[in-house]
Enquirer: 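Here's a structure for you.
In this text the structure is predicted, and so the values were computed from the model without any measurement. By convention in this document, chain letters (A, B, ...) are assigned in the order of the sequence lines, proteins followed by strands, and residues within each chain are numbered from 1.
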Number of protein chains: 2
Amino acid sequence: MMNTKNTDQITIFKALADSVRLDIIEYLKHNDHEVSCGEVGKALNISKTSGSYHFKLLQEAGIITTRKEAREKYVSLNSKTFDKYVTNFYKNI
Amino acid sequence: MMNTKNTDQITIFKALADSVRLDIIEYLKHNDHEVSCGEVGKALNISKTSGSYHFKLLQEAGIITTRKEAREKYVSLNSKTFDKYVTNFYKNI
DNA sequence: AAAATAGTTCAAATGTTTTTGAACTATTTA
DNA sequence: TAAATAGTTCAAAAACATTTGAACTATTTT
């Protein structure tokens, strides 16, 4: 602990502070099967380009993990990141 | 549950997604005594104007509670907000 | 081999947040 | 009563985030 610059923490909260990304996270949380970017985009009406942008941000924050298989990119939530930076945030600051 | 618009949730995450505000929160968490905006501002080197802006955002998000006494404004953390929107976020989406 | 599909990248346009300084209100101290 | 202190408000400037469409790569289907 003894946080001086908080950069990772800010990256996480920024990534969570957007309705498109919150919708993506919600969708992933409620879906057991492995899901592609395209499926999420179609389900939530997000354009390809905008989807690409948001998935990249989520990935850079460590919120999702991605796996590329041929043409498609599969995404899944990284629950450890939530544990560390969200669920335990208040306790740890 | 069964979130459709997430507006409060986004307000909270936006409020948390800034280094000045995270520093303020950290300062308040580690201080038992009641603290004024001015004390925080001095301790963290935030200008009056910028402090005023950030305290207002934190208040609007429900992250701090304020009490005005004569010239000064005392601020304290609202742990219930963290419980509801941060600590239990992942569980509840 | 051509067409379709999945996703990325780029730059421009648009939108939102943050910082700044000056002017302000209200209260307290000299 | 004048000066000092605590904080707010405003508008402009600066900084940052998001959306868009077009052009692109790579893979799969026809």
Enquirer: Please report the distance, rounded to the nearest Å, between OH in Y74(A) and P in dT5(C).
Expert: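 To the nearest whole Å, that distance equals 16 Å.
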Enquirer: Which of these nucleotides, dT20(C), dG7(C), dA26(C), is closest to any side-chain atom of S50(B)?
Expert: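 When the side chain of S50(B) is considered, dT20(C) is the closest of dT20(C), dG7(C), dA26(C).
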Enquirer: Need to verify one output field. Residue with the more 5' nearest nucleotide on DNA chain D, S47(A) or E69(A)?
Expert: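 Taking each residue's closest nucleotide, the earlier one in sequence belongs to S47(A).
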Enquirer: Looking at dA6(D), I'd like to know if its phosphate oxygens (OP1 or OP2) sit under 4.0 Å from a side-chain N or O belonging to K42(B).
Expert: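 For K42(B), the contact criterion (side-chain N or O under 4.0 Å from OP1 or OP2 of dA6(D)) is met.
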Enquirer: So F55(B) and T66(B), do their side chains get closer than 4.5 Å, heavy atoms only?
Expert: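 Sidechains of F55(B) and T66(B): no contact.
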Enquirer: So what does S36(A) hit on the nucleic acid, given a heavy-atom distance under 4.0 Å: a base, only sugar-phosphate, or nothing?
Expert: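 Sugar-phosphate only.
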Enquirer: Would you mind reading off the distance between K48(B) atom NZ and dC10(D) atom P, rounded to a whole angstrom?
Expert: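 K48(B) atom NZ is separated from dC10(D) atom P by 16 Å.
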Enquirer: Under the 3.5 Å rule, do the base of dG7(C) and the side chain of K73(A) count as making a donor-acceptor pair?
Expert: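 When only heavy-atom distances are counted, K73(A) does not reach the base of dG7(C) through any donor-acceptor pair under 3.5 Å.
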Enquirer: K14(A) side chain N/O closer than 4.0 Å to the phosphate oxygens (OP1, OP2) of dA17(D)?
Expert: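 True: K14(A) side-chain N/O within range (under 4.0 Å) of dA17(D) OP1/OP2.
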Enquirer: May I ask you to evaluate whether R71(B) reaches the phosphate of dT25(C), defined as a side-chain N or O under 4.0 Å from OP1 or OP2?
Expert: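 Indeed not, no polar side-chain atom of R71(B) lies that close.
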Enquirer: Calculate the interatomic distance between R21(A) atom CZ and dA17(D) atom P; express it in whole Å.
Expert: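 Answer to the nearest Å: 10 Å.
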Enquirer: Please confirm whether the shortest side-chain N or O distance from H54(A) to OP1 or OP2 of dT19(D) is below 4.0 Å.
Expert: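 Yes, within the criterion.
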Enquirer: If I take atom CG in residue L58(B) and atom P in nucleotide dT8(D), what distance separates them, rounded to the nearest angstrom?
Expert: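 Distance check: L58(B) CG to dT8(D) P gives 12 Å.
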Enquirer: R67(A) has an atom CZ; how far is it from atom P of dG7(C), in whole Å?
Expert: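 Atom-to-atom, R67(A) to dG7(C), this comes out as 12 Å.
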Enquirer: What is the distance, to the nearest angstrom, from the CD atom on E60(B) to the P atom on dT17(C)?
Expert: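 The answer, rounded to whole Å, is 11 Å.
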Enquirer: How many Å lie between NZ on K56(B) and P on dT9(D), as a whole number?
Expert: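 These atoms are roughly 7 Å apart.
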Enquirer: Using 0.5 Å steps for rounding, measure from the CD atom of Q9(A) to the CD atom of E26(B).
Expert: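 Answer for the CD-CD pair, Q9(A) versus E26(B), is 9.5 Å.
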Enquirer: Of the options dT19(C), dT19(D), dT18(C), whose atoms approach the side-chain atoms of V20(B) most closely?
Expert: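 Within the option list, the nearest is dT19(C).
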Enquirer: Tell me: CZ of F55(B) to C1' of dT18(C), nearest whole Å?
Expert: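 My rounded result for the distance is 16 Å.
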Enquirer: With a 4.5 Å cut-off on side-chain heavy atoms, are L77(B) and K29(B) touching?
Expert: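 Counting from C-beta outward, K29(B) and L77(B) do come under 4.5 Å.
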Enquirer: Any side-chain heavy-atom pair from L22(B) and I93(A) closer than 4.5 angstrom?
Expert: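 Not touching, per the 4.5 Å side-chain cut-off.
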Enquirer: Would L28(B) and I12(B) show up in the same hydrophobic cluster when neighbours are defined by side-chain heavy atoms closer than 4.5 Å?
Expert: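 Yes, L28(B) connects to I12(B) through the hydrophobic network.
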Enquirer: Mapping Y53(B) and T49(B) onto DNA chain C by nearest heavy atom, which one lands closer to the 5' end?
Expert: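 Going by which nucleotide is closer to the 5' end, it is Y53(B).
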